[in-house]
S.K.: 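Quick one: structure below, then a few questions.
Counting starts at 1 for both ligands and their atoms, following the listed order. Quick note: residue numbers are just sequence positions, from 1.
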Amino acid sequence: MPRPTNGFSPKILRKSLSNLMIFFVVPAFNEEQNIGRLVDRTDAYCRSRALEYRLIIADDGSRDKTAEIVREKSKQLPVTLITYQPNRGVQEAFARGFVAALESAKETDVIVTMEADGTADWDILTVFLERIKQGFDVVVASYYAKGGSVEGTVWYRKVLSRGGNLFTRIFLPIPGIHTYSSFYRAYRPSTLRAILEHYGDFYKEVGFSCVVELLYRLHKMGFKLGEVPMVLQGAARVGKSKMRVFQTINGYLRIASRCAFTRR
Ligand SMILES: Nc1nc2c(ncn2[C@@H]2O[C@H](COP(=O)(O)OP(=O)(O)OP(=O)(O)O)[C@@H](O)[C@H]2O)c(=O)[nH]1
Ligand SMILES: [Mg+2]
């Protein structure tokens with residue numbers, strides 16, 4: 001049974017969200033065990049709520065059947081495959097996905113990023129869209145906000161994630177934001193266009209820390225950022241995590257020294 005969407009009735013939601021298009025941008029690396037499920041889930045969710053969408057999957061040098069599966073799905077569904085070799089990291093996949101989405105997105109549309117592994121809570125998607133309609137420019141799924149949590153993940157990943165998050169909250173404070181590393185977010189297209197125009201790129205970072213840098217840039221540019229509590233279901237993923245721990249820690253340190261101390 002679908003869970004209630006934080007107080008918004010499905011009927012009201014359908015009416016208020018009927019004229020926008022969602023551009024999903026999903027980075028994927030060796031996700032053959034999860035990607036088909038993600039495509040089907042996206043389609044079922046959007047279809048049941050009469051949401052128009054395009055799902056852009058950026059396959060970043062996978063050595064498994066990720067691209068093949070997505071290509072097959074794109075024959076039937078509004079799915080775009082971006083694929084290249086070799087693997088360059090999640091920053092490249094996000095950047096290519098953003099550029100593809102921005103080529104078609106109108107200002108009233110919404111760009112939603114999420115992981116390919118199915119760990120996101122679908123029921124908060126409509127809350128994201130409502131927040132954007134209410135005037136937020138960017139909304140992030142937050143497992144460290146009150147009401148959020150991380151479930152089904154090994155203890156050392158939880159410690160690392162919480163430690164990294166605490167670090168960013170101390171050195172890169174953003175009022176009202178408790179989670180910096182979440183991939184699951186909704187952006188008004190104008191925010192990403194503004195970042196590109198102002199900085200010339202979305203971020204400098206390579207790897208998972210790029211999303212932290214992007215969020216901090218958006219904050220510094222004065223955009224209104226909000227969050228929605230989420231329970232991250234770690235057990236929903238099949239296969240191993242692709243997060244490179246040391247690269248990510250290094251990235252956080254670099255961002256802190258570049259952004260917090262030099263205020264750039
Ligand atoms: N394009 C691209 N995507 C990547 C790369 N590494 C990871 N990803 C994707 O980024 C998302 C997050 O990676 P995960 O492996 O789930 O990392 P995680 O969420 O920290 O780990 P779990 O908690 O185990 O899920 C997934 O959709 C991956 O497929 C990469 O090098 N390139
Ligand atoms: Mg994951």
S.K.: Which ligand 1 atoms, with their elements, are less than 4.0 angstrom from a heavy-atom of A116?
M.R.: 26 (C), 27 (O)
S.K.: Is it true that D40 and K73 have a side-chain N and a carboxylate O under 4.0 angstrom from each other?
M.R.: yes
S.K.: So, of the N/O/S atoms that E115 has, which is the nearest one to the Mg ion (ligand 2)?
M.R.: OE1
S.K.: Just which atoms of ligand 1 are under 4.0 Å from any heavy atom in A58?
M.R.: 1 (N)
S.K.: Decide whether an N or O pair under 3.5 Å exists between P27 and ligand 1.
M.R.: yes
S.K.: I want to know if ligand 1 touches D59 in the polar sense, i.e. an N/O pair below 3.5 angstrom.
M.R.: no
S.K.: Quick one: pull up CD in E92 and OH in Y84 and give me the separation to the nearest 0.5 Å.
M.R.: 4.5 Å
S.K.: Going by the order shown, which atoms of ligand 1 are within less than 4.0 Å of some heavy atom of N87?
M.R.: 30 (C), 31 (O), 32 (N)
S.K.: Quick one: which ligand 1 atoms are inside 4.0 Å of a heavy atom on F183?
M.R.: 10 (O), 11 (C), 12 (C)
S.K.: Among T83, N30, T66, N87, find the one that has a side-chain hydrogen bond (donor to acceptor under 3.5 Å, both in side chains) with D59.
M.R.: T83
S.K.: Below 4.0 Å, non-hydrogen atoms only: which portion of E115 touches ligand 1? Side chain, backbone, both or neither.
M.R.: both
S.K.: Could you say whether the N/O atoms of T119 and ligand 1 ever approach to under 3.5 Å?
M.R.: no
S.K.: Please report whether the ring centroid of F183 lies less than 6.0 Å from that of F208.
M.R.: yes
S.K.: If the threshold is 4.0 Å, N to carboxylate O, is there a salt bridge linking K204 and E213?
M.R.: no
S.K.: Just how far is it from atom OH of Y180 to atom CG of L214, taken to the nearest 0.5 Å?
M.R.: 13.5 Å
S.K.: May I ask whether F208 has any heavy atom positioned less than 4.0 angstrom from an atom of ligand 1?
M.R.: yes
S.K.: Which atoms of ligand 1 sit under 4.0 Å from any heavy atom of V90?
M.R.: 2 (C), 3 (N), 4 (C), 10 (O), 30 (C), 31 (O), 32 (N)
S.K.: For the Mg ion (ligand 2), which N, O or S atom of D117 is at the shortest distance?
M.R.: OD2
S.K.: Report the part of V26 in contact with ligand 1, treating N, CA, C, O as backbone and CB onward as side chain, heavy atoms under 4.0 Å; options are side chain, backbone, both, neither.
M.R.: neither
S.K.: Taking atom 32 (N) of ligand 1 as the point of reference, which of L160, D60, V150 owns the nearest heavy atom?
M.R.: D60
S.K.: Given I111, which of I132, V138, L102 fulfils the side chain to side chain contact (heavy atoms under 4.5 Å, CB included) condition?
M.R.: L102
S.K.: Look only at interatomic distance and state if D117 has a nitrogen or oxygen under 3.5 Å from any nitrogen or oxygen of ligand 1.
M.R.: yes
S.K.: Should you measure from each heavy atom of E31, which atoms of ligand 1 turn up under 4.0 Å away?
M.R.: 26 (C), 27 (O), 28 (C), 29 (O)
S.K.: Excluding sequence neighbours, so at least two apart, what forms ring-ring contact (aromatic ring centres under 6.0 Å, His included) with F202?
M.R.: F98
S.K.: Between D201 and R217, is the closest basic N to carboxylate O distance under 4.0 Å?
M.R.: yes
S.K.: Please tell me whether N165 and R162 have a donor and an acceptor in their side chains that are separated by less than 3.5 angstrom.
M.R.: no
